[in-house]
Amino acid sequence: MPKLPELSVVVPCYNEQDVIRECHRRLTEAIRPHVSSFEIVYVNDGSSDNTLSLLLGLYSSNAEVRIVNFSRNFGHQLAVSAGLEYAEGEAVAIIDADLQDPPEVLVQMLQKYREGYDVVYGVRRTRLGESLFKLQTAKFFYRFINLLSDTPIPLDTGDFRLMSRRAVAALTSMRESHRLLRGMASWIGFRQFGLEYERAPRFAGTTKYPFRKMLSLAIDGVLSFSTLPLRLFTFAGIAAAVFALLGIFYALALRLFTNIWVRGWTLLFIGMLFLGGLQLISLGIVGEYVGRIYTETKRRPLFLVQEFFGAKNAGKPGSESMLTVKQWRE
Ligand code: UDP
Ligand code: MG
């Protein structure tokens, strides 16, 4: 049995042909002097560009490269989850391929890990080269989610982090299909440390997180960590019922003791529209949760791996790539 690496670095890649080589160079340069052994687990999340062939090129000339090749695009959070599943290191780090999170910060994270922390997560002090819109929505997102969620999620963190083997085991044991890893990593507890760093602009290429994906990540975050939205509508329902009761007395009083009882049409009209809207929204929110229950009960594998290129067997070139469909759930 070959010795397990001291550190694994998980790198999700989706159409990152412009950054892969530089990413690998900077990563290896940054960590090689600080660990006795390491592996880099690239997860190719169904890229349609040259990402896979570039990764295979790296694999053929570097002993520390592993490739998890998805059968299609499953999304960033699932790509990272797969990387965690395949990583064998004593400690496991997660980093984006685009070098927005500087690999050199991993060394500081490693130091904190060695001091005994299980989860060392990056806290973005500044973010360069991102649109004002993205900055503002991200800021709002983290504050909103914390308002609603039962699990506090540290402000301004992403998935850039380094975790101990037991923290990774805890994460991979959580089998839900809507995954906001930064929230799950907070939920597991253990000893956690937030390390501040400066976020750099993307090295090359464009963001793979359009507004649509950000919104769905935000909704996942709120719904998977809280049932408070459901409760809010219970409260709204109670408030509406109290108003209705007052309205009943008011209408009866007008009808019985005065002769102006045809008035009040405006109130009626507004009340009808308002309650109709409220009911549709609450139905929609209930629907979101029901949809999630539906997805979970299907118990589909979270992702499908088409090929895994693992550690090379010394002296047996060519036998290293195996064709597997590894499933998350047994
Ligand atoms: N990514 C992925 N699958 C996706 C979208 C993104 O694996 O469906 C990867 C991407 O290659 C990058 C990381 O997730 O390494 C973060 O994406 P990106 O930098 O585009 O997001 P941003 O930093 O703009 O939020
Ligand atoms: Mg990025």
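Whatever order the structure lists ligands and atoms in, that order sets their numbers, starting from 1. We count residues from 1, following the sequence as given.
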query = Can you tell me how far CG of Leu7 sits from CD of Glu64, rounded to the nearest 0.5 angstrom?
reply = 11.5 Å

task = Please find out if less than 6.0 Å separates the ring center of Phe70 from that of Phe303.
result = yes

message = I'd like to check which ligand 1 atoms, numbered from 1 as shown, lie under 4.0 Å from a non-hydrogen atom of Cys13.
response = 7 (O), 11 (O)

query = For atom CZ of Phe274, is the number of surrounding heavy atoms from other residues, nucleotides or ligands below 6.0 Å larger than 12?
reply = no

request  = Among Leu256, Thr258, Leu252, find the one that has a side-chain contact (heavy atoms from CB on, under 4.5 Å) with Leu254.
outcome  = Thr258

task = Working to the nearest 0.5 Å, report the span between CD1 of Ile40 and OG1 of Thr28.
result = 5.5 Å

remark   = Min over Met214, Lys213, His76, Lys208 of heavy-atom distance to atom 20 (O) of ligand 1 lands on Lys208

task = Could you tell me the separation between the NZ atom of Lys112 and the CG atom of Leu162, rounded to the nearest 0.5 Å?
result = 13.0 Å

request  = Identify, by atom number and element, the atoms of ligand 1 in contact range of Asp96, meaning under 4.0 Å from any of its heavy atoms.
outcome  = 13 (C), 15 (O), 16 (C)

query = How are the rings of Phe160 and Tyr197 set to each other: parallel, tilted or perpendicular (split at 30° and 60°)?
reply = perpendicular

note = Under 4.0 Å between heavy atoms, the region of Asn73 that gets near ligand 1 turns out to be side chain

inquiry  = Nearest non-hydrogen contact with atom 3 (N) of ligand 1 belongs to which option: Asp159, Ile20, Asp45, Leu217?
reply    = Asp45

task = Could you label the plane-to-plane angle of the Phe133 and Phe211 rings as parallel, tilted or perpendicular, counting under 30° as parallel and over 60° as perpendicular?
result = tilted

ask   = Quick check: does Thr206 get an N/O under 3.5 Å from an N/O on ligand 1?
value = no

request  = Answer yes or no for Asp98: is there an N/O/S atom below the 2.8 Å cut-off from the Mg ion (ligand 2)?
outcome  = yes

message = Using heavy-atom distances only, which candidate in Gln100, Arg199, Glu16 approaches atom 11 (O) of ligand 1 most closely?
response = Glu16

request  = Please indicate whether any nitrogen or oxygen in Ala79 is less than 3.5 Å from any nitrogen or oxygen in ligand 1.
outcome  = no

key: Contacting atoms of ligand 1, where contact means under 4.0 angstrom from a heavy atom of Ala97   = 15 (O)

inquiry  = Below 2.8 Å, can you find an N, O or S atom of Gln100 next to the Mg ion (ligand 2)?
reply    = yes

